[in-house]
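The chains referred to below are lettered A, B, ... by the order of the sequence lines, with proteins before strands, and numbering in each begins at 1.
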Number of protein chains: 2
Amino acid sequence: MLKRSFESCRLPKDVRSVNSTSSTRDRILGTAEKMFAQRGFDGASLRQLTSAAGVNLAAVNYHFGSKEKLVEEVFRRRLDALNANRLAALHKLAGGEATLEQVLAAYIRPALELSHDGSGALFMRVLARAFAEHDDSLRRFLSENYGHVMRQFTSEFARLLPHLGKSELYWRIDLVTGALTHAMSGFGMIQRKGDVTEQEHLEQTVQHLIRFAAAGLSHP
Amino acid sequence: MLKRSFESCRLPKDVRSVNSTSSTRDRILGTAEKMFAQRGFDGASLRQLTSAAGVNLAAVNYHFGSKEKLVEEVFRRRLDALNANRLAALHKLAGGEATLEQVLAAYIRPALELSHDGSGALFMRVLARAFAEHDDSLRRFLSENYGHVMRQFTSEFARLLPHLGKSELYWRIDLVTGALTHAMSGFGMIQRKGDVTEQEHLEQTVQHLIRFAAAGLSHP
DNA sequence: GTCTATAGTCAGATAGAC
DNA sequence: GTCTATCTGACTATAGAC
């Protein structure tokens, strides 16, 4: 079993130097994301991974130090962008006037947009896998690095749903997260039909999610 | 990586004979469930597993044939019971008079009751992992063996929610499944407090889930 | 049915040439 | 930075004694 720690802090900026053009590094990251989504963290071996990426086996240890660190980097790359986009979308909304649907869209839509970027869609599956792994160090990693995003959204929800107690609100947000993860990672039974594109399908998913979540959050 | 197939049909009744009292077999199944929940299917090795169960390494292959078959058996044992209970609960409701909450309870509560049985709670995590694995053969296995249960519940939901189109209804049920899986497997951020028992916590989860799902399903 | 012992494969990591 | 070659350890599965 692969034990992950997620304990290291962010790498200093200059590690990925100005123009090292290490396409090797990026190829590894991209391929790792794809293979982790398909086969899991334990299931995808470095040998399969480097072979698929067309790089040498030793390159992973050279660039990342270990398989474990590679996994962390796969997460960091996407989550930094995803959560920055969520915050930006939230802050763009007019302070005290945003509706519940708008706030939900600020939370959910960046996940959709991530899926527009080539292999980005696969990352949602990686994330869902990570949730299922139920790893404490992952929980800590998410909480330490991206907890402030959740907190800002939560306080917006609290403002929009003043009739809910704190505990009640947390429960509901948690259930929304479950529905979101499930839907965006595409494990549901709803399969994309042949006549809709991947993007249309995701757009529909977002629309359904927002209305479903709004109803689940705001009921009396 | 462990490739699972789920293609075999149910074993003939007499395989687990009237009183073979093979406690070895049961110990393996129970321990496997626990370790698959904790470490994943690939992460839990037969060596760790048999060692923890206090049985010999070779016993797994003797009783189940392979690790893959052991995984299938872990699923079958719980899902047979879980889905039978769901159907029984549904059929106990008065035909045309059941409310949405009652039907939802018939679906959700057996999952809670499974958790009462010692290691049964762990099975929900195994199931969540399996969902995240996104394996086609698992999808087929679930659909072939337990699809009729989903179909009966779906037709009840359709009766109770006549204003929804078929596609709309499927989307919403899918989102409910996501919330259910997420909540029952306990990966959410809501952690059980020290002063409530595991059972009270699960009971609260079920109550929140039912109301949340009812609101999400029935909104206009 | 249960054990030991081992075959055969594959994993992650690293040393050292270039 | 990238390579080959190799170390060390773990895995599943099975053969064969009891």
Side-chain angles (χ1 to χ4, degrees), chain A residues 1-8 11 14-33 35-36 38-74 133 135 137, chain B residues 1-6 8 11 14-32 35-36 38-74 133 135 137:
Chain A
M1 182 202 187
L2 178 66
K3 281 300 287 175
R4 262 157 297 114
S5 73
F6 291 101
E7 267 139 27
S8 59
L11 295 169
D14 58 290
V15 162
R16 184 129 169 49
S17 64
V18 194
N19 198 359
S20 75
T21 317
S22 172
S23 77
T24 296
R25 208 190 114 103
D26 291 329
R27 291 241 299 292
I28 291 172
L29 276 174
T31 309
E33 185 169 67
M35 298 200 55
F36 289 152
Q38 287 168 348
R39 306 165 186 254
F41 304 110
D42 290 318
S45 74
L46 292 185
R47 299 180 125 84
Q48 296 172 313
L49 200 159
T50 50
S51 165
V55 305
N56 189 270
L57 170 60
V60 168
N61 282 280
Y62 176 78
H63 284 284
F64 300 95
S66 68
K67 183 178 183 179
E68 188 181 321
K69 295 268 180 59
L70 169 61
V71 172
E72 289 186 36
E73 204 49 35
V74 166
E133 301 262 334
D135 188 301
S137 63
Chain B
M1 180 198 188
L2 179 68
K3 280 300 289 175
R4 260 158 299 115
S5 74
F6 291 101
S8 58
L11 295 169
D14 59 289
V15 162
R16 179 128 172 51
S17 65
V18 192
N19 198 1
S20 74
T21 317
S22 173
S23 77
T24 296
R25 206 190 117 102
D26 291 328
R27 290 240 300 291
I28 292 173
L29 275 175
T31 309
M35 299 203 54
F36 289 153
Q38 287 168 348
R39 306 163 185 256
F41 305 109
D42 290 317
S45 75
L46 292 186
R47 298 179 123 83
Q48 297 171 315
L49 199 157
T50 50
S51 166
V55 305
N56 190 270
L57 170 60
V60 168
N61 281 280
Y62 176 77
H63 284 284
F64 300 94
S66 68
K67 182 177 183 179
E68 188 180 320
K69 295 267 180 57
L70 169 61
V71 172
E72 289 186 38
E73 204 49 35
V74 166
E133 301 261 334
D135 188 301
S137 64

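- Phosphate contact (OP1/OP2 of C/dT2, side-chain N/O of B/T24, threshold under 4.0 Å): present.
- Taking atom CG of A/L49 as the reference point, atom P of C/dA11 lies 11 Å away to the nearest angstrom.
- The distance from atom CD of A/E68 to atom P of C/dA11 is 18 Å, rounded to the nearest whole Å.
- Side-chain contact between A/R39 and A/Q48 is present, with heavy atoms from C-beta onward closer than 4.5 Å.
- Here the P atom of nucleotide D/dT14 and the NE2 atom of B/H63 are 16 Å apart, to the nearest Å.
- Rounded to an integer number of Å, the gap from CZ of A/R47 to C1' of D/dC7 is 11 Å.
- Heavy atoms of A/A58 sit under 4.0 angstrom from at least one base atom.
- Following rounding to the nearest Å, B/F64 (CZ) and C/dG1 (P) show an atom-to-atom distance of 12 Å.
- At a threshold of 4.5 Å between non-hydrogen side-chain atoms, the residues A/N56 and A/T50 do not count as touching.
- With rounding to whole Å, B/D42 atom CG is found 20 Å from C/dT9 atom P.
- Each of A/N56 and B/Y62 was matched to the nucleotide of DNA chain D holding its nearest heavy atom; the match closer to the 5' end belongs to A/N56.
- In this structure a side-chain-to-backbone donor-acceptor pair under 3.5 Å is missing from A/K67 to A/V60.
- Rounded to a whole Å, the CG atom of A/N61 is 14 Å from the C1' atom of D/dC3.
- In this model, the phosphate group of C/dG12 is not approached by any side-chain N or O of A/S66 to a distance below 4.0 Å at OP1 or OP2.
- Look at A/S45 and you won't find any side-chain N or O under 4.0 angstrom from OP1 or OP2 of C/dC10.
- D/dA10 atom P lies 14 Å from atom CG of B/L57, rounded to whole Å.
- Here the side chains of A/F36 and A/L49 are in contact, with some heavy-atom distance below 4.5 Å.
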